[in-house]
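The next block holds one structure in the form of structure tokens; read it before the comments.
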Amino acid sequence: MKFLDELNEAQLQAVLSHDGPNMVIAGAGSGKTKVLTYRIAYLLGEKGVDAFNILALTFTNKAAKEMKERIGHIVGNSEAQNLWMGTFHSVFAKILRIEAEKIGFPRNFTIYDTDDSKNLIKSIVKEMNLDEKVYKPGQVYGRISSAKNNLISPQAYLQNAQAIMDDRMSGKPRVGEIYALYQKRLYKASAMDFDDLLFNTNILLRDHPDVLHKYQHKFKYILVDEYQDTNFSQYLIVKKLAAAFENICVVGDDAQSIYAFRGANIQNILNFKKDYPDTKMFKLEQNYRSTGNIVKAANSVIWKNKDQIKKEVWTQNEEGEKITVLRAGSDNEEGNQVASFIFDVKMNNQVQNKDIAILYRTNAQSRAMEEALRRRNIPYKIFGGLSFYQRKEVKDLLAYFRTVINPNDEESLKRIVNYPARGIGDTTLSKIIMASNESDKSIWYILENIKVLPLGLNQPTRERLDQFVQMIKSFASGLEKENVYDLALRIAQTTGILKELYSDKTPEGVSRYDNLQELLNGVKEFSEENKDDTERTLADFMQEIALLTDNDKDDEDNFDKVSMMTVHASKGLEFPYVFIVGLEENLFPSQLSIESREELEEERRLFYVALTRAKKRATLSYATTRFKWGNIQHSEPSRFIEEIDTSFLDYSFTLGGIKPKQTAFEDEFSSYFNKPKTSQSLNESFQFKQKPNLTKVSQTSASLGSVGQGDDPTLFKEGMAVSHDRFGEGKIIEIQGDLPNVKAVIEFKAHGVKQLLLKFAKLKILN
DNA sequence: TGCCCGGGTGTTTTT
DNA sequence: CACCCGGGCA
């Protein structure tokens, strides 16, 4: 095969070793995707393996799509089309639909997204009369998710000593019960959450040897990309499927494992050899992406980690420029420095915007960067954030689609039963929900029988509910015979959603309407993509969309913009010029991670990932003060900067930096002088919020004529009598926390005990 | 039913 | 600080 000469020796060996267990440790930028692609092409083209017998699992839909395209180029699209290639979730969702009945689910089960799951948990917490402040849906969901990723069922969870203790320690002893009820509700709704797609696949393969046998023999060759990011549930699926032939090839880089916090287990890659003693291991160590300086700097950092597979990434590329370090007095100034640096880089090196990326640890950091780029008229695009499919109006219409496909889907049903408003209020709904939970029948079942069930609802209400049921049924009758776009449009029109948004002429309303049009266009495209003769249904559309994220959509209008994203989101990407910002202790590495070695090592890997995105030049920046929770906080440079061997660093730019003592006012002032003086930017500079001044005043001197707000937080002591605008008079029982987030526990005469943040509470001292 | 206000809370992430 | 949520009120 002629394409094989495009590979280096290590890559070639990894491609040619087609049978048996193989592990490819692929350093950053070492041509990992190339090896996977050619390996599959080799199996297809040279070894005569049938595409239907190959299973390739990737981390994102995007990766799967790109790889399929590349393989298509080599062996032809029709052949590539037959590969089973996709994310764990999408591949096993497909299999679960085929085998659904075996584990007691209908084929049309709904996939709940994270929002659905959290809403469901929220209603369960309410039902159990638990405190929502204690049992926060997000946290409970996290617990349940990690249980599922470790294949711990609700029953097992309730008896799991570790889980019981953890929950007790965190003050949430009833998580196990919530989990059990949550699972019951999912079942009643014929729904699975993301983790269930993997959990239930495990159940399916465990309890049905015939099914296991079938897929073991179907997938004679299994390839797993980003193996370092698999969790236990995924690991076990792969292990079971591969057990018959052991033609399994995993590709990954332990140094780039950055998802442990959501259940990924780096041990999966470290222990692969134990599972398959015959493993042939290949190391791809030549980096084709970055300059010598960047590669060596990255090495010098990652070698500080204890947990790793020994390897040395090297490159033949030129040494390139050293890594620049920028130091700023504040987060805003950091933005300005980075923006002006970008400006210079563009001027001096003929660089396009799309060649540049700004990477940060947390999303919140994007704002200072945005403002600075905007002021210099540098176009940018932020990755991440609210996804198209999570927008309210989109979710609303999708909820109709979901209800039509699976009327048992309670989260969707609850969402739309009274939207657009049709006189079915909360009271009515809660009666129905209660009846549903008591009888263990779905809400839909109750609604279908609403006319004969004695729920204490009046005649007109029952009438309206019945009309709703009839409407959904009329849509459902079109599922099999109506063209998917026609049906979708009919739903959007008949329900009145389109009309409702069309009449809203505010900018937001217009944009919502546009979003619905975009969704409908998506359905139209989907129906026209129809390659085989079989008509694609609305259920097919939802199946495709449920596991899609914005990153998977092709971006049309991002052809020349600076990319801004979290380091996590940058994995697998590369840019000639990379700026890693906010390199400060307690930010990167994150405050949450500096206590244990394992977590700190993950932060270090994260930094390694960030650094190795850069092809030509990397710039690191930090600020000595930063706004956090509305306060200025002092910060120290990140240990990761110091961990880079100094011979690869260029500190000269930090010397001209503005002194850390500078006040925020001067900061804004200087930034004003640094930027092009167009009238527009002049206006913008006046729109700045004057954040720090107020805070400072209240922290240092006692209320200098503060606008009748309340007394200075430092003056409050335990035992004092105070008064509050709303709660009236009370007595301070306890003072907690540090300035400026001091909390007071106050017993009010009329309202009982409350905890108030002094900086907000506007408390007055009596006498 | 929807708006306003006070209060609470947060700042990895992806399927 | 900025955003979200729930409660109170019109």
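Throughout, a chain's letter reflects where its sequence line sits, starting with A, and its residues are numbered from 1.
With sequence neighbours left out, A:E585 forms a salt bridge (Lys or Arg N to Asp or Glu O under 4.0 Å) with A:R639. Every residue meeting the salt bridge (Lys or Arg N to Asp or Glu O under 4.0 Å) condition with A:D409, not counting sequence neighbours, appears here in chain and number order: A:R402. With sequence neighbours excluded, the residues satisfying ring-ring contact (aromatic ring centres under 6.0 Å, His included) with A:F607 are A:F588, A:F640. Take A:F194 and apply the ring-ring contact (aromatic ring centres under 6.0 Å, His included) test, not counting sequence neighbours, and it matches no residue. Applying the side chain to side chain contact (heavy atoms under 4.5 Å, CB included) criterion to A:T566, with sequence neighbours excluded, gives A:Y360, A:N363, A:H568, A:A569.
When the nearest nucleotides of DNA chain B are assigned to A:I424 and A:S593 by heavy-atom distance, the more 5′-ward of the two goes with A:I424. Taking the nucleotide of DNA chain B with the nearest heavy atom to each of A:A546 and A:Q139, the more 5' of the two is matched to A:Q139.
Residue A:S590 is out of contact with every strand shown, counting any heavy-atom pair closer than 4.0 Å. Heavy atoms of A:N418 sit under 4.0 angstrom from primed sugar atoms or phosphate atoms, though from no base atom. A:T114 comes within contact range of at least one nucleobase, with a heavy-atom separation under 4.0 Å.
If you measure from atom OH of A:Y419 to atom P of B:dG2, you get 10 Å, rounded to the nearest angstrom. As a whole-Å value, the separation of A:I111 CD1 from B:dT14 C1' is 14 Å. Protein atom CG of A:L57 is 13 Å distant from nucleotide atom C1' of B:dT15, rounded to whole Å. Atom CG of A:L96 and atom P of B:dT15 are 18 Å apart (whole Å). In this structure, the CG atom of A:N149 is 18 Å from the P atom of B:dT13, given to the nearest Å. The interatomic distance linking A:E544 (CD) with B:dT15 (C1') rounds to 15 Å, in whole Å. Residue A:D426 contributes atom CG, which lies 8 Å from atom P of B:dT1 at whole-angstrom precision. Straight-line distance from the CG atom of A:N231 to the C1' atom of B:dT13: 13 Å, rounded to whole Å.
Taking the ring centre of A:Y419 as origin, the terminal cationic atom of A:K392 falls inside the region bounded by 6.0 Å and 45° from the ring axis.
Comparing B:dT15, B:dT9, B:dT14 against the side chain of A:K133 picks out B:dT9 as the nearest. Among the nucleotides C:dA2, B:dT15, B:dT13, the one closest to the side chain of A:R367 is C:dA2. In the set B:dT15, B:dT1, B:dT14, the nucleotide with an atom closest to the side chain of A:A569 is B:dT14.
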Going by atom type alone, with no hydrogens or angles, which donor-acceptor pairs under 3.5 Å involve a side-chain atom of residues 128-140 of chain A and a protein atom two or more places apart or on another chain?
| from | atom 1 | to | atom 2 | distance (Å) |
| --- | --- | --- | --- | --- |
| A:D131 | OD1 | A:K133 | N | 2.8 |
| A:Y135 | OH | A:R174 | N | 3.0 |
| A:Q139 | OE1 | A:K172 | NZ | 3.0 |

If you look only at distance, which donor and acceptor atoms sit under 3.5 Å apart when one is on a side chain in residues 88-95 of chain A and the other is two or more places apart or in another chain?
| from | atom 1 | to | atom 2 | distance (Å) |
| --- | --- | --- | --- | --- |
| A:S90 | OG | A:T87 | N | 3.2 |
| A:S90 | OG | A:T87 | O | 3.3 |
| A:S90 | OG | A:T87 | OG1 | 3.1 |

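Residue A:D195 forms a side-chain hydrogen bond (donor to acceptor under 3.5 Å, both in side chains) with just one option from A:S233, A:S117, A:S146, A:S145, and that option is A:S145.
As rounded to the nearest Å, B:dT13 and C:dC4 have P atoms that lie 16 Å from one another.
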Polar-atom pairs under 3.5 Å, protein N or O versus N or O of nucleotides 5-7 of chain C: list them with distances, or write none.
| from | atom 1 | to | atom 2 | distance (Å) |
| --- | --- | --- | --- | --- |
| C:dG6 | OP1 | A:K122 | NZ | 3.1 |

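Under a 3.5 Å cut-off, the side chain of A:E603 and the backbone N or O of A:S590 do form a donor-acceptor pair.
Within residues 84-93 of chain A, the residues approached by DNA chain B to less than 4.0 Å at the level of any non-hydrogen atom are A:T87, A:H89, in residue-number order.
The phosphate of B:dT13 (OP1 or OP2) has a side-chain N or O of A:N363 nearer than 4.0 angstrom. Distances shorter than 4.0 Å separate none of the side-chain N or O atoms of A:K571 from OP1 or OP2 on B:dT14.
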